[in-house]
Amino acid sequence: MTRTSDGASAAGEAENTPAAVETPEPDRKIIEHYIEEEEGALNRLGGLVGKAITTIAVGVSLFHIYAAYDIVPAYVLRPVHVACVLFLVFLLFPAVPSLRDRIRWWDWLLAFASLGVIVYVLMQGEEFGDRAIMPEPMDAVVGIIFIVLLLEATRRATGFIMPALAIVFILYALFGNHLGEPWTHRGYPLDRLVGHLYMTLEGIFGTTVDVSSSLIILFTIFGAVLQVSGAGKFFIDFSFAAMGGKRNSAGRAVVLSSFLLGGPSGSGVATTVTIGTVAYPLLAKAGYEKNAAGGLLAAGGLGAIISPPVLGAAAFLIAEFLKISYFDVILMATIPTLLYYLAIWTMVEVDARKTGGTSDLMVEKGTLWRLLAGYWYHFGSLVSIIAFLVLGFSPVLAVFWATMLAIGSSAIRPDTALVPRVVVGATIAVAAVLSAIGFADGNAYSLTVFIALALTAAAGLFLPQIAPVAARLAQALHDGTTGVLSVASICATAGIIVGVVTLTGLAQRFADIIIGYAQGSLLLTTIFTAAIVWIVGLAVPVTASYIMCAVIAAPALIKLGVPDFAAHMFIFYYAVLSEVSPPTALSPFAAAAITGGNPYITTLQSWKYTMPAFLVPFVFVVDPHGVGLLLHMPEGRSWVDVVEITLVVAAGIVALAFALQRWMVKRNTLLETALFWAAGLLLVFPVVLDAAIFTPLTGLQLTSDIPGFHVAWSVPFGLAFGALAVVLQRLRTA
């Protein structure tokens with residue numbers, strides 16, 4: 001999510017839509033509280049200091065955009081990224097909330113100390129890591145100071161839990177040799193541990209910071225560009241117009257807008273708040289009770305974290321951990337995302353029948369075509385990244401050019417422009433000249449675009465009255481940097497955890513412990529892993545939850561034969577559930593603040609709508625054919641089987657939706673509800689039914705194939721139960 005310069009949510013832009021209503025002031029404060037719970041409470045700074053920090057933030061964005069197309073060595077890029085993050089965190093996040101909106105002397109001291117330790121790292125050169133096993137005394141002292149600064153910055157940006165967990169892992173590395181089996185290891189002295197954590201690329205400056213410095217910040221800048229250029233507002237307006245603008249289509253509009261806005265946003269709370277301020281009045285008029293409306297809004301917000309093309313920050317880490325392309329992660333997320341929105345769509349269709357919402361028009365006729373004619377170019381943000389990836393661009397270059405395209409296309413209309421049209425024209429002209437004189441290579445074009453971007457941002461920073469359009473670009477670049485600070489600090493601190501795990505071999509020990517408790521059962525191991533991820537997710541954000549569980553819990557699943565990509569996607573989806581799980585259920589709590597509902601009842605309602613996020617991940621872990629949902633062919637099967645399992649699981653999700661709602665066309669009877677439950681479980685969870693009930697009682701397996709067919713017995717039984725329930729209800733409504 002992006003933020004404005006005063007620290008408020010960029011979601012406030014939604015207030016300009018015709019359907020918006022003013023949220024009561026007490027509720028708005030609560031909403032901002034939940035946004036700050038996810039992203040931290042930034043200082044609101046003005047005057048010369050505020051201008052200076054804004055300039056630094058814009059410079060940080062420009063540096064990372066430059067690093068996207070030109071080679072910056074890892075031993076330079078990663079420390080500089082962390083230095084920028086720590087410097088800005090100490091200036092923008094107060095030590096305690098009561099000291100907000102003013103920078104104290106100790107904040108300046110910590111900020112410049114952060115720069116000092118990184119300067120020391122950079123001065124050592126590329127060979128710095130060669131002495132990590134036996135660091136010099138000064139190396140150890142600087143390393144300890146750096147780790148303390150990092151933990152304090154993360155505490156300010158995200159709360160005390162993540163630093164506390166990192167400290168526990170540090171203590172484990174130092175004193176784990178005093179523990180009994182299976183937790184014990186040989187133990188490591190302080191200087192050896194510190195050297196491993198900050199002098200190598202296997203600790204703080206390892207995989208997590210690599211992803212944060214090369215991908216996450218670029219996608220955050222991309223999202224900020226879309227928000228400031230008005231793409232978010234357009235997606236909401238388009239969704240309500242496309243669904244007919246009627247009261248009984250309000251739920252459908254929420255589903256569509258959450259998908260369109262969620263893909264570029266990647267933030268659950270941001271999407272919930274942005275859509276909620278506009279959509280709730282229509283949901284209320286359509287007959288939605290406060291808690292049900294809040295649950296639907298939170299469910300739509302959750303979809304932002306699992307929706308291509310951006311997904312959440314953890315998705316970039318999946319690609320890095322698995323050493324696959326980000327495009328592969330997008331492909332794996334495609335079917336689960338479609339199933340997720342299918343479930344929500346089914347729920348809102350049932351809601352429309354239950355509430356009997358009227359068909360009164362709430363959006364003026366012709367609005368859809370006016371929106372398309374005026375703002376069609378915003379749809380480029382949904383396809384540009386994928387298009388560039390398909391063309392063979394690296395993920396970094398893909399988001400670089402997608403961002404440049406979004407900035408350039410924004411100039412089509414004055415009200416969305418981030419750069420003047422003359423700048424776009426001049427840049428194209430220079431690129432054409434370079435091509436004509438024989439300098440037509442990618443770096444020359446990239447440098448031309450970058451120089452135009454930097455000059456325009458400078459004009460927006462220092463001459464905002466003369467160049468108000470350029471000032472919007474500066475705002476977007478500022479928001480791109482400030483929006484990444486919390487996630488980047490989490491990634492850096494998570495490097496401590498990853499470093500300790502790799503140094504001590506904790507991952508394999510933990511895998512053996514989980515498998516031992518599960519007595520070798522894949523189903524029980526999966527349940528235990530889900531519980532661990534869920535519990536961790538109650539305390540820390542999605543990104544941190546995924547990182548920790550990916551390094552300590554995924555090996556247990558992989559050891560039992562689950563493909564590594566399926567194990568990591570399973571953990572990713574369960575980490576996402578922290579968004580709708582108390583006490584950190586930020587999306588439902590923010591939605592309840594908008595609707596005036598009860599936060600905990602709203603959370604329960606969101607669970608109903610987010611059912612696939614709870615259930616579908618089990619399919620691609622415990623079902624041998626389930627990897628088809630990740631667009632991987634099951635062993636010995638074909639793409640036909642991928643289509644088959646997708647359709648079977650989709651039918652099961654629809655049946656479970658009818659069972660949960662206790663309604664299809666009209667209220668279900670007990671028999672119809674039972675049949676829908678049976679159909680849904682047989683189609684989605686036959687492996688679970690086999691292990692828990694059917695095989696122990698009968699000795700037979702529902703998951704075994706029908707002789708002569710590549711179809712399990714569970715499929716015809718499930719379809720038959722579902723069809724019977726539908727027929728019974730249709731006979732009652734005839």
Side-chain angles (χ1 to χ4, degrees), residues 1-10 13 39 42 45 49-70 72 77 80-81 83-85 87-89 91-92 212-232 264-267 270 310 381 396 399-411 416-420 423-424 427 446-464 466-488:
M1 177 181 174
T2 59
R3 307 176 72 119
T4 57
S5 58
D6 66 354
S9 165
E13 196 177 286
E39 302 184 6
L42 294 179
L45 303 170
V49 172
K51 189 72 171 181
I53 292 177
T54 298
T55 303
I56 293 170
V58 171
V60 171
S61 284
L62 289 173
F63 167 73
H64 285 88
I65 290 172
Y66 168 79
Y69 74 87
D70 202 1
V72 177
L77 176 60
V80 169
H81 174 72
C84 294
V85 169
F87 184 81
L88 288 173
V89 165
L91 297 183
L92 288 176
S212 174
S213 63
S214 61
L215 274 177
I216 294 177
I217 188 168
L218 292 176
F219 274 92
T220 306
I221 294 168
F222 176 62
V225 165
L226 295 179
Q227 189 68 35
V228 175
S229 66
S265 165
S267 170
V310 178
S381 62
V396 171
V399 69
F400 170 82
W401 284 112
T403 304
M404 298 306 106
L405 182 62
I407 292 173
S409 63
S410 71
T416 66
L418 299 183
V419 292
V423 173
V424 177
T427 304
S446 301
L447 180 61
T448 301
V449 172
F450 176 78
I451 291 173
L453 186 73
L455 292 176
T456 305
L461 277 172
F462 302 113
L463 302 169
I466 300 175
V469 171
R472 294 183 200 160
L473 175 64
Q475 181 65 57
L477 295 176
H478 165 271
D479 292 350
T481 293
T482 57
V484 83
L485 295 179
S486 297
V487 173

Asker: I'd like to check T456 versus I407 (side-chain heavy atoms, cut-off strictly below 4.5 Å). Are they in contact?
Answerer: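 No. Closest side-chain heavy atoms not under 4.5 Å.
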
Asker: Report the distance from atom OG of S446 to atom CZ of F400, rounding to the nearest 0.5 Å.
Answerer: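 Reported value, rounded in 0.5 Å steps: 4.5 Å.
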
Asker: Quick one: are Y66 and L453 in side-chain contact, heavy atoms under 4.5 Å?
Answerer: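 When only atoms from C-beta onward are counted, L453 and Y66 do not touch, as no gap falls below 4.5 Å.
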
Asker: Where is the tightest heavy-atom contact between T220 and G483, given as atom of each residue plus distance?
Answerer: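 Heavy atoms of T220 and G483 come nearest at CG2-C, 3.8 Å.
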
Asker: Which heavy atom of V225 sits nearest a heavy atom of A406, and at what distance?
Answerer: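 Looking at all heavy atoms of both residues, the shortest contact is CG1-CB, 4.0 Å.
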
Asker: Please name the pair of heavy atoms, one in L77 and one in A67, separated by the smallest distance, quoted to 0.1 Å.
Answerer: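 So the minimum-distance heavy-atom pair works out to CD1-CB, 4.0 Å.
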
Asker: What residues, two or more places apart in sequence or in another chain, satisfy side-chain contact (heavy atoms from CB on, under 4.5 Å) together with I451?
Answerer: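 I451 satisfies side-chain contact (heavy atoms from CB on, under 4.5 Å) with L447, L455 only.
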
Asker: Among residues at least two apart in sequence or on other chains, which ones pass side-chain contact (heavy atoms from CB on, under 4.5 Å) with S214?
Answerer: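 So S214 forms a side-chain contact (heavy atoms from CB on, under 4.5 Å) with D210, V396.
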
Asker: Under the rule for side chain to side chain donor-acceptor pair (under 3.5 Å), what residues qualify as partners of H64, not counting sequence neighbours?
Answerer: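 If we apply the side chain to side chain donor-acceptor pair (under 3.5 Å) test to H64, skipping adjacent residues, the hits are H81.
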
Asker: Assess the residue pair V80 and V72 against the criterion (side chain to side chain contact (heavy atoms under 4.5 Å, CB included)); give the C-alpha distance rounded to whole Å, side-chain angles, the decisive distance to 0.1 Å, and a yes or no.
Answerer: CA-CA 10 Å; V80 169; V72 177; over 6 Å; no

Asker: I need the F87 CZ to L92 CG distance, nearest 0.5 Å.
Answerer: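 The CG atom of L92 is 9.5 Å from CZ of F87, to the nearest 0.5 Å.
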
Asker: As an exercise, state the distance from CD1 of I221 to NE2 of H478, rounded to the nearest 0.5 Å.
Answerer: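 If we round to the nearest 0.5 Å, I221:CD1 and H478:NE2 are 12.5 Å apart.
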
Asker: Looking only at heavy atoms, what is the nearest atom pair of L473 and V419, with distance?
Answerer: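 That closest heavy-atom pairing would be CD2-CG1, 3.9 Å.
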
Asker: For a quick test of reading the model, state the closest non-hydrogen atom pair linking S410 to S229 and the distance between them.
Answerer: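 Where S410 meets S229 most closely, the heavy atoms are CB-CB, 4.1 Å.
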
Asker: Does T416 have any side chain to side chain donor-acceptor pair (under 3.5 Å) partners at least two apart in sequence or in another chain, and if so, which?
Answerer: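 For T416, the residues satisfying side chain to side chain donor-acceptor pair (under 3.5 Å) (neighbours in sequence not counted) are Y377.
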
Asker: Taking only residues two or more places apart in sequence, or in another chain, which ones meet T481 in a side chain to side chain donor-acceptor pair (under 3.5 Å)?
Answerer: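 Residues passing side chain to side chain donor-acceptor pair (under 3.5 Å) with T481: S61.
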
Asker: Got T403 and L218 here, is their nearest side-chain heavy-atom distance under 4.5 Å?
Answerer: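 In short, these two side chains do not touch, never coming nearer than 4.5 Å.
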
Asker: Taking side-chain contact (heavy atoms from CB on, under 4.5 Å) as the test, write out the residues that go with L461, two or more places apart.
Answerer: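 Expected list: T54, T55, V58, A474.
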
Asker: If you look at every heavy atom in F222 and A402, which pair is closest and at what distance?
Answerer: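 Answer, listing the atom of F222 first, then A402: CE1-O, 3.8 Å.
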
Asker: Measure the shortest side-chain to side-chain distance between F450 and D70 over non-hydrogen atoms and say whether it is less than 4.5 angstrom.
Answerer: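 F450 does not reach D70 side chain to side chain.
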
Asker: Distance check, rounded to the nearest 0.5 Å: T482 atom OG1 versus I56 atom CD1?
Answerer: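 Going from OG1 on T482 over to CD1 on I56, the span is 13.0 Å.
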
Asker: Please determine whether side chain to side chain contact (heavy atoms under 4.5 Å, CB included) holds for the pair V484 and V60, giving the CA-CA distance in whole Å, both sets of side-chain angles, and the decisive distance to 0.1 Å.
Answerer: CA-CA 11 Å; V484 83; V60 171; over 6 Å; no

Asker: Would you say that I53 contacts L88 through its side chain, given a criterion of any heavy-atom pair below 4.5 Å between the two side chains?
Answerer: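 Yes - at least one pair of side-chain heavy atoms lies under 4.5 Å apart.
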
Asker: Give a yes or no answer on whether the side chain of R472 reaches the backbone of A417 with a donor-acceptor pair at less than 3.5 Å.
Answerer: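 Flag set: sc R472 to bb A417 pair under 3.5 Å.
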
